[in-house]
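Taking it in order: structure first as structure tokens, then the write-up.
All heavy atoms count here, side chains included; hydrogens, waters and symmetry mates do not. What you are looking at is a predicted structure, and each value in this text was computed from that prediction instead of being measured. Here is the naming used below: chain letters follow the sequence lines, and residue numbers restart at 1 for every chain.
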Protein chains: 2
Amino acid sequence: MTAADRSRSEERAVEAIQREMTVFARRARASAGRMHPELSLVSYTLLGHLEERGGCRATDLAAHYALDKSTVSRQVAGLERAGLVERRPDPDDARVQVLDLTEAGRHILAQVTVSRRAAFRERLADWPEEDLVRFAAYLERYNAWPERPPGDGR
Amino acid sequence: MTAADRSRSEERAVEAIQREMTVFARRARASAGRMHPELSLVSYTLLGHLEERGGCRATDLAAHYALDKSTVSRQVAGLERAGLVERRPDPDDARVQVLDLTEAGRHILAQVTVSRRAAFRERLADWPEEDLVRFAAYLERYNAWPERPPGDGR
DNA sequence: GTCTTCAAGTTGTACTATACAACCAGAAAC
DNA sequence: GTTTCTGGTTGTATAGTACAACTTGAAGAC
């Protein structure tokens, strides 16, 4: 294979990755909404992050998801209203509110995770294990890229 | 490797795919907005589809992206107002409007494609060709799954 | 042929997610 | 002790979306 062949093939692959990731993104919210109307994609990811980290600050959520802090503030307010998260003032710093899941939050998160997992598994049912593992690794690698927060106009 | 090992490994991979796809989806719109403010992710994908197909009906767009037809109607109206698409009545069926890119639409789509491609390429710069090709194939395979339109509560 | 039903698209309405700007309250730096 | 920084909330505006009701034309049923 010549260098030109290689670069053409890479070029095609990059195009395809871009196109397919975009299609996926376009569809994700809609299908999440239909899969579990009780918990939007945003809420789901925020709760998931809280569970994974065992609680964190609103600012951490904003940074991780490249969201404005006002957005997080409102989302969290909604989740608190729904009784899914609770906040405690940080004893070390009175400005900080440590967020954590409530029991109800843990419960609903687990339910949604189950239903999402079932949907994903159905979709991936006939993939060989080797491909699943590799696909997961590619996605992780792809996402391990620093996102710039909103307003950071670089 | 035992069957139990295999299923655990698959389980982990499915979880990771779900999680990473979700993170990606959460970030995509925001980064698209920062990458090319003149063309939202939605508009970009719609224009891209028109280019790829060489024009199509609004209903086709709705089906392909799992959007409500009203959403597509408004999006297309905006694109038409912006002079990026034009519609002609279908000679075979007066209800149908065939959509297609204008020259301006083609032009801006090409520009945005260039800038998106550059961003993706930067991000994927140190991936070996083999991995790019495989990753692209996985994504295509993943997305080749029938989406259900909104309102189809199955 | 007329009538009913179906399909494509538009419009009214409402809601969610989002950003940006202005602000407030504590903490830290000097 | 000011000034500056950081975490968070609130006001306001916008985009994207869905659902329902409607219009118009096509296609079948009889």
Side chain to side chain contact (heavy atoms under 4.5 Å, CB included), paired with B:Leu99, selected from B:Leu61, B:Val72, B:Leu79: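 Result for side chain to side chain contact (heavy atoms under 4.5 Å, CB included) with B:Leu99: B:Leu61.
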Listed partners of [X] passing salt bridge (Lys or Arg N to Asp or Glu O under 4.0 Å), at least two apart:
X        : value
B:Asp100 : none
B:Asp131 : A:Arg141, B:Arg134
B:Arg53  : none

For nucleotides 3-9 of chain D, print each protein N/O atom paired with a nucleotide N/O atom at under 3.5 Å, atom names and distance only.
from, atom 1, to, atom 2, distance (Å)
D:dT6, O4', A:Arg95, NH1, 3.2
D:dT6, O2, A:Arg95, NH1, 2.9
D:dG7, OP1, A:Arg57, NH1, 3.1
D:dG8, OP1, A:Gln97, N, 3.2
D:dG8, OP1, A:Gln97, O, 3.4
D:dG8, OP2, A:Thr59, N, 2.8
D:dG8, OP2, A:Thr59, OG1, 2.4
D:dG8, N7, A:Lys69, NZ, 2.7
D:dG8, O6, A:Lys69, NZ, 2.4
D:dT9, OP1, A:Arg87, NH1, 2.6
D:dT9, OP2, A:Ser73, OG, 2.6
D:dT9, O5', A:Ser73, OG, 3.4

Interatomic distance where [atom1] belongs to [X] and [atom2] belongs to [N] [whole Å]:
X       : N      : atom1 : atom2 : answer
B:Leu61 : D:dG16 : CG    : P     : 15 Å
B:Gln75 : C:dG9  : CD    : P     : 15 Å
B:Arg81 : C:dT11 : CZ    : C1'   : 13 Å
B:Glu80 : C:dG9  : CD    : C1'   : 13 Å

Within residues 39-53 of chain B: residues closer than 4.0 Å to DNA chain C (heavy atoms):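 Per residue number, the list is empty: none.
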Donor-acceptor contact below 3.5 Å, side chain B:Asp60 vs main chain B:Arg57: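 Yes, because the side chain of B:Asp60 sits within donor-acceptor range (under 3.5 Å) of the backbone of B:Arg57.
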Any donor-acceptor pair under 3.5 Å from A:Tyr142 side chain to B:Phe135 backbone: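 The answer is no, because no donor-acceptor pair under 3.5 Å joins these two groups.
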Partners passing side chain to side chain contact (heavy atoms under 4.5 Å, CB included) against A:Ser73 (at least two apart in sequence or in another chain):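 Once residues adjacent in sequence are excluded, A:Ser73 has no partner under the side chain to side chain contact (heavy atoms under 4.5 Å, CB included) criterion.
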Closest approach of B:Leu109 to B:Leu47 (non-hydrogen atoms, all atoms of both residues):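 Taking every non-hydrogen atom into account, CD2-O, 3.7 Å.
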